[in-house]
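Remember, predicted model here, so these are calculated numbers, not experimental data. Each chain gets a letter, A, B and so on, in the order its sequence line appears, and its residues count up from 1.
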Number of protein chains: 2
Amino acid sequence: MFFLKSLPTRNVLIEYKKRFPNMDIEAVESALNLLRQASLLERHLDAYFSTQGLSQLRFLILIVLDRENRKASLKSSDIADRLDISRPVMTRTIQALEKAKAVRISEDEFDGRAKVVSLTDCGRSILYNSLPGYYDIIRDFMERNRDSTVS
Amino acid sequence: MFFLKSLPTRNVLIEYKKRFPNMDIEAVESALNLLRQASLLERHLDAYFSTQGLSQLRFLILIVLDRENRKASLKSSDIADRLDISRPVMTRTIQALEKAKAVRISEDEFDGRAKVVSLTDCGRSILYNSLPGYYDIIRDFMERNRDSTVS
DNA sequence: TCCATCTAGTTACCATGATAACTATATGGA
DNA sequence: TCCATATAGTTATCATGGTAACTAGATGGA
């Protein structure tokens, strides 16, 4: 989350550059724009997900499972790796998803330490019901922000 | 924070579009790229800020104060508005900054409810010491990612 | 084979965002 | 003037990210 409603004007950046000459004005402008845009989009998505009983991460877990579930169930740690997220967060989140009947957690038959996660029919409907709204938010957001874009 | 290390390929998106025709493939690609890039940059910045005894938000508060402190001290709620952040978070964060001697909190002379926040010399040095490293991270990041850019 | 080391998952705890509900003060219309 | 309502800040609590340290199981070289 990055906030700063009104980004610094170019003049302000030029002032800072006088004192900190290693600053790259274009890079800073693009970076702040990137951070701000992404934070706004994340807020829209988070608000939407919470109406669906989901969160960013829960949604992504369902997406990953839907994408690769047919070949085999995924180990919890594989999902964590793919999502670039810590294992404790993974544990907590898949337990919440299991409680919501969206995933099934079972023992791995080859590795006694591992758990495998698979999507339930219920989980798949939650995901598929949420996707149209998700795509609408993205389309509207990208449309509205086509101009204030990141280089 | 948006994770998903490897974004969906175009083929995967095309598959989803068959089922969810309201999806705009270009928009989804751009949006996921935007979210991923911003999350990576935020991670770099957060890691850097924590070496400086700062956080994103503490840094931004110092920046806002530095930018506008000369004309008058800022009310806590004005900063919260500018940073688009909730007041409880503001309360907690300026109290932490006060404890670190980076800001001074005093009563507003016109409004008995309000508090005004101003940058201390110590706070200004913390900020100015952190800026060169901050600009370096941004420059390097934007350089490395000039190609994988957001439309 | 056996032990050192690695890995999967969990637990405990911290950081930092949010909202709801509270207190104290300000403000404006009857 | 006085009271209803609005606003500033705080407190309590939740959500969701992280790391450190733990348990249990896997693995590979002496």
Side-chain angles (χ1 to χ4, degrees), chain A residues 1-4 35 38-40 42-61 73-100 103 105-117, chain B residues 1-4 35 38-40 42-61 73-100 103 105-117:
Chain A
M1 283 274 190
F2 173 86
F3 316 97
L4 208 56
L35 293 172
S39 294
L40 287 175
E42 270 193 69
R43 278 194 182 176
H44 289 297
L45 291 175
D46 284 345
Y48 175 66
F49 285 139
S50 78
T51 69
Q52 306 292 304
L54 290 172
S55 69
Q56 278 248 25
L57 179 56
R58 286 204 281 269
F59 174 81
L60 288 175
I61 290 171
S73 300
L74 283 171
K75 288 205 299 178
S76 174
S77 50
D78 291 337
I79 304 177
D81 285 349
R82 251 170 250 224
L83 294 182
D84 207 0
I85 208 178
S86 69
R87 275 140 202 241
V89 172
M90 195 63 204
T91 294
R92 186 208 290 151
T93 310
I94 61 174
Q95 283 173 357
L97 283 170
E98 187 188 37
K99 211 162 160 189
V103 303
I105 303 178
S106 33
E107 306 295 318
D108 185 297
E109 57 176 315
F110 306 110
D111 186 335
R113 299 163 302 176
K115 307 241 164 124
V116 292
V117 184
Chain B
M1 282 275 190
F2 174 85
F3 316 98
L4 208 56
L35 293 172
S39 295
L40 287 175
E42 270 193 69
R43 278 194 182 177
H44 289 297
L45 291 175
D46 284 345
Y48 174 66
F49 286 139
S50 77
T51 70
Q52 307 290 305
L54 290 172
S55 69
Q56 279 247 25
L57 179 56
R58 286 203 282 267
F59 174 80
L60 289 176
I61 290 171
S73 300
L74 282 171
K75 288 205 299 177
S76 173
S77 51
D78 291 337
I79 305 176
D81 285 350
R82 251 170 250 224
L83 294 181
D84 207 0
I85 208 177
S86 70
R87 276 143 202 241
V89 171
M90 195 64 203
T91 295
R92 187 207 290 152
T93 311
I94 60 173
Q95 283 173 358
L97 282 170
E98 186 188 37
K99 211 162 159 188
V103 304
I105 303 177
S106 34
E107 306 295 319
D108 184 297
E109 56 177 316
F110 306 110
D111 186 334
R113 298 164 302 177
K115 306 240 164 125
V116 291
V117 184

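Defining each end axis of the helix from dT1(C)-dA30(D) to dA30(C)-dT1(D) as the rotation carrying four pairs' C1' atoms onto the next four, with five pairs an end, the two axes are found to diverge by 0° to 10 degrees.
Protein atom NE2 of His44(B) is 15 Å distant from nucleotide atom P of dG18(D), rounded to whole Å. The separation between Arg82(B) atom CZ and dA8(D) atom P is 14 Å, rounded to whole Å. When rounded to the nearest whole Å, the span between CD1 of Ile105(A) and P of dG9(C) equals 10 Å. The distance from atom NZ of Lys115(A) to atom P of dA24(D) is 13 Å, rounded to the nearest whole Å. Atom pair Glu98(B):CD and dG9(D):P shows a separation of 14 Å (rounding to whole Å applied). Between the CG atom of Asp81(A) and the C1' atom of dT7(C) there is a distance of 11 Å, rounded to whole Å. Between the CG atom of Asp46(B) and the P atom of dT16(D) there is a distance of 18 Å, rounded to whole Å. One can place CD1 of Ile94(B) at 7 Å from P of dG9(D), the figure rounded to the nearest angstrom.
Closest heavy-atom contact between Glu42(B) and Ser39(A): OE2-OG, 4.5 Å. Taking all atoms of both residues into account, the shortest heavy-atom contact from Ala47(A) to Ser50(A) is O-OG, 3.0 Å. Residues Arg58(B) and Ala96(B) come closest through the heavy atom pair NH1-CB, 4.3 Å. Here the closest non-hydrogen pair linking Gly112(B) and Glu107(B) is O-OE1, 4.4 Å. Between Ile94(A) and Ser76(A), the closest heavy-atom pair is CD1-OG, 3.7 Å. Minimum heavy-atom separation, Ile79(A) to Leu74(A): CG1-CB, 3.8 Å.
Residues satisfying the ring-ring contact (aromatic ring centres under 6.0 Å, His included) test with Phe2(B), not counting sequence neighbours, are none. Residues satisfying the side chain to side chain contact (heavy atoms under 4.5 Å, CB included) criterion with Asp81(A), sequence neighbours excluded, are Arg87(A).
For the pair Asp84(A)/Arg43(B), a side-chain contact is recorded, criterion being any heavy-atom separation below 4.5 Å from C-beta on. Residues Leu45(A) and Leu35(B) are in side-chain contact: their nearest non-hydrogen atoms beyond the backbone lie under 4.5 Å apart.
For a distance-only test at 3.5 Å, the side chain of Arg92(B) qualifies as a donor-acceptor partner of the base of dG17(C).
Here CD of Gln95(B) is found 10.0 Å from CZ of Arg92(B). Values are rounded to the nearest 0.5 Å. Between the CE atom of Met90(A) and the CZ atom of Arg82(A) there is a distance of 10.5 Å, given to the nearest 0.5 Å. Interatomic distance, Lys75(A) NZ to Phe110(A) CZ, rounded to the nearest 0.5 Å: 11.0 Å.
Taking the nucleotide of DNA chain C with the nearest heavy atom to each of Arg43(A) and Val116(A), the more 5' of the two is matched to Val116(A).
Against DNA chain D, the stretch residues 48-60 of chain A makes heavy-atom approaches under 4.0 Å through Ser55(A), Leu57(A), Arg58(A).
Test Leu83(B), Ile61(B), Val103(B), Ile85(B) against Thr93(B) for side chain to side chain contact (heavy atoms under 4.5 Å, CB included) and you get one pass: Ile61(B).
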Pick out the pairs of N or O atoms, protein on one side and nucleotides 19-23 of chain D on the other, that lie under 3.5 Å.
none

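Thr91(A) comes within contact range of at least one nucleobase, with a heavy-atom separation under 4.0 Å. Looking at heavy-atom distances under 4.0 Å, Glu107(B) makes no contact with the nucleic acid at all.
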Requested in this report: Encode nucleotides 24-29 of chain C as B, S and - characters from 5' to 3', where the letter depends on protein heavy atoms closer than 4.0 Å: B to the base, S only to sugar-phosphate, - to neither.
Outcome: BBS---
